[in-house]
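Here is the structure we will look at, set down as structure tokens.
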Amino acid sequence: MTTALAEQGTLPAAATPPPTARGRRRRGSDQGVPRWQIYLPLGLYLLFTLVPFYWMLLFALRPAGSNALVPWPVTGEHFQKVWNERSFGIFFQNSMIVGVASLVMTTAVALAGGYALARFEFRIKKGFMLALLASQFIPGALMLVPLFEIFKNLQMINSLGSVVIAETVFQLPLSIILISGFIKNVPVSLEEQAWVDGCGRFRAFCAVVLPLLRPGLIAVGSFAFVHSWNHFLFALMFLSSQDKQTIPVGLNTLIGADSVDLGALAAGGVIAAVPVVIVFAFIQKWLITGFSAGAVKG
């Protein structure tokens, strides 16, 4: 009976088995954008991004005078040269001090300022937020002269502390705005319950709010570290002696007036890139969570 109805085309719709989810996905992908239209632009973008890194590794690992497109035989002479003869060990240490100190200071001050903006109401709050946003349009070069005069009067020229303070001041506006947004996503009722249980404001903040801000703090701190690690202008302006210079300034010293040691310059670039790659490799999950989902879901 069913076979006869099917042959006549009069089989009820209810008797037709519904399409499975897998079948729906297959038909949806068939009717959608072809895969090559997705993979081709991504592949070109990946190639465009990785070729400069490969070129840098090529010059850093192949022997001096070689024109091969494959670094073979591999040599470490360029790394040994920049680390020992060009004082990159000292530059690396100074950059690490500046990066970690800037991370700690930026995160701590941004956390206090962001909490004040998120939890308190005061008259100049909107004006203060507008000033923070407007400060992002000021180039760092315009801050060199006033900062130099301030550090000169404080006798902080040629001190790593001057670079740390300058980097912190330059990164604070955006960091405060970001942290404020994360704190606003944490319900005030959580803190109020802690207050009822006998906690003070600071203890309630540390016990309730701070653990929920981990993605935001990691995002802000990582960008503070990377920006301080890569920044060239403040270190060049405020540090004069070679034993105080950072890696970006050290790379600049490898460029001579008449010639450039490409192998040493590439090796220095690899040394400068390694900490940044390691940082983003370990915090990638927290970084994506921090900038996409916020502190809590709700």
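All heavy atoms count here, side chains included; hydrogens, waters and symmetry mates do not. Values in this document were obtained by computation on a predicted structure and should not be read as measured data.
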Return the set of residues passing side chain to side chain contact (heavy atoms under 4.5 Å, CB included) with Ala194 (not counting sequence neighbours), or none when no residue passes.
Cys199, Ala204, Val208

For Asn230, give me all partners under side chain to side chain contact (heavy atoms under 4.5 Å, CB included), at least two apart in sequence or on another chain.
Val226, Val276

Mark yes or no for whether Thr107, through its side chain, and Val104, through its backbone, hold a donor-acceptor pair below 3.5 Å.
no

Ring pair (Phe, Tyr, Trp, His ring centres under 6.0 Å) contacts in which one or both residues fall within residues 197-216, not counting sequence neighbours:
Tyr115-Phe205

The test is side-chain contact (heavy atoms from CB on, under 4.5 Å); show your working for Leu210 and Leu111 and say whether it passes.
CA-CA 9 Å; Leu210 194 59; Leu111 192 61; 3.7 Å; yes

Who are the side chain to side chain contact (heavy atoms under 4.5 Å, CB included) partners of Ile176, not counting sequence neighbours?
Ala110, Leu117, Leu132, Leu172

Quick one, Leu160 with Leu239, criterion side-chain contact (heavy atoms from CB on, under 4.5 Å). Give me CA distance, side-chain angles, the key distance, then yes/no.
CA-CA 7 Å; Leu160 293 179; Leu239 303 176; 4.0 Å; yes

Backbone N/O of Arg62 and side chain of His78: donor-acceptor pair under 3.5 Å:
yes

Side chain to side chain contact (heavy atoms under 4.5 Å, CB included) partners of Tyr54, counting only residues at least two apart
Leu58, Val70, Pro71

For the atom pair CG (Leu251) and OG1 (Thr246), what is the distance rounded to the nearest 0.5 Å?
9.0 Å

Pairs involving residues 130-155, ordered by first then second residue, that meet ring pair (Phe, Tyr, Trp, His ring centres under 6.0 Å) (sequence neighbours left out)
Phe151-Phe238

Can you tell me if Gln171 and Ser228 form a side-chain donor-acceptor pair at under 3.5 Å?
yes

Using salt bridge (Lys or Arg N to Asp or Glu O under 4.0 Å) as the criterion, list what pairs up with Glu121, not counting sequence neighbours.
Lys125

Is the number of heavy atoms from other residues, nucleotides or ligands within 6.0 Å of CZ (Phe120) greater than 12?
yes

For the residue pair Phe170 and His227, does the interplanar ring angle fall in the parallel (under 30°), tilted (30 to 60°) or perpendicular (over 60°) class?
parallel

Is there side-chain contact between Leu233 and His231, with at least one heavy-atom pair below 4.5 Å?
yes

Take Tyr45 and Phe48 through the ring pair (Phe, Tyr, Trp, His ring centres under 6.0 Å) test and state the conclusion after the steps.
CA-CA 5 Å; Tyr45 175 76; Phe48 180 79; 7.4 Å; no

Kindly write out the residues that satisfy side chain to side chain donor-acceptor pair (under 3.5 Å) with Asp243, not counting sequence neighbours, or none if the list is empty.
Ser241

Taking side chain to side chain donor-acceptor pair (under 3.5 Å) as the definition, give me every residue that meets it alongside Lys81, ordered by chain and number, with sequence neighbours left out.
Asp261

Applying side chain to side chain donor-acceptor pair (under 3.5 Å) to Thr106 and not counting sequence neighbours gives none

With Trp55, which residues qualify under ring-ring contact (aromatic ring centres under 6.0 Å, His included), at least two apart?
Phe59

Are Trp229 and Phe92 near enough that their ring centres are under 6.0 Å apart?
yes

Mind jotting down which residue pairs meet the salt bridge (Lys or Arg N to Asp or Glu O under 4.0 Å) criterion with at least one end in residues 195-207? Sequence neighbours excluded, please.
none

Quick one, Met105 and Glu167 - any side-chain contact, counting heavy atoms below 4.5 Å?
no

Does a side-chain heavy-atom distance below 4.5 Å link Leu190 with Leu212?
yes

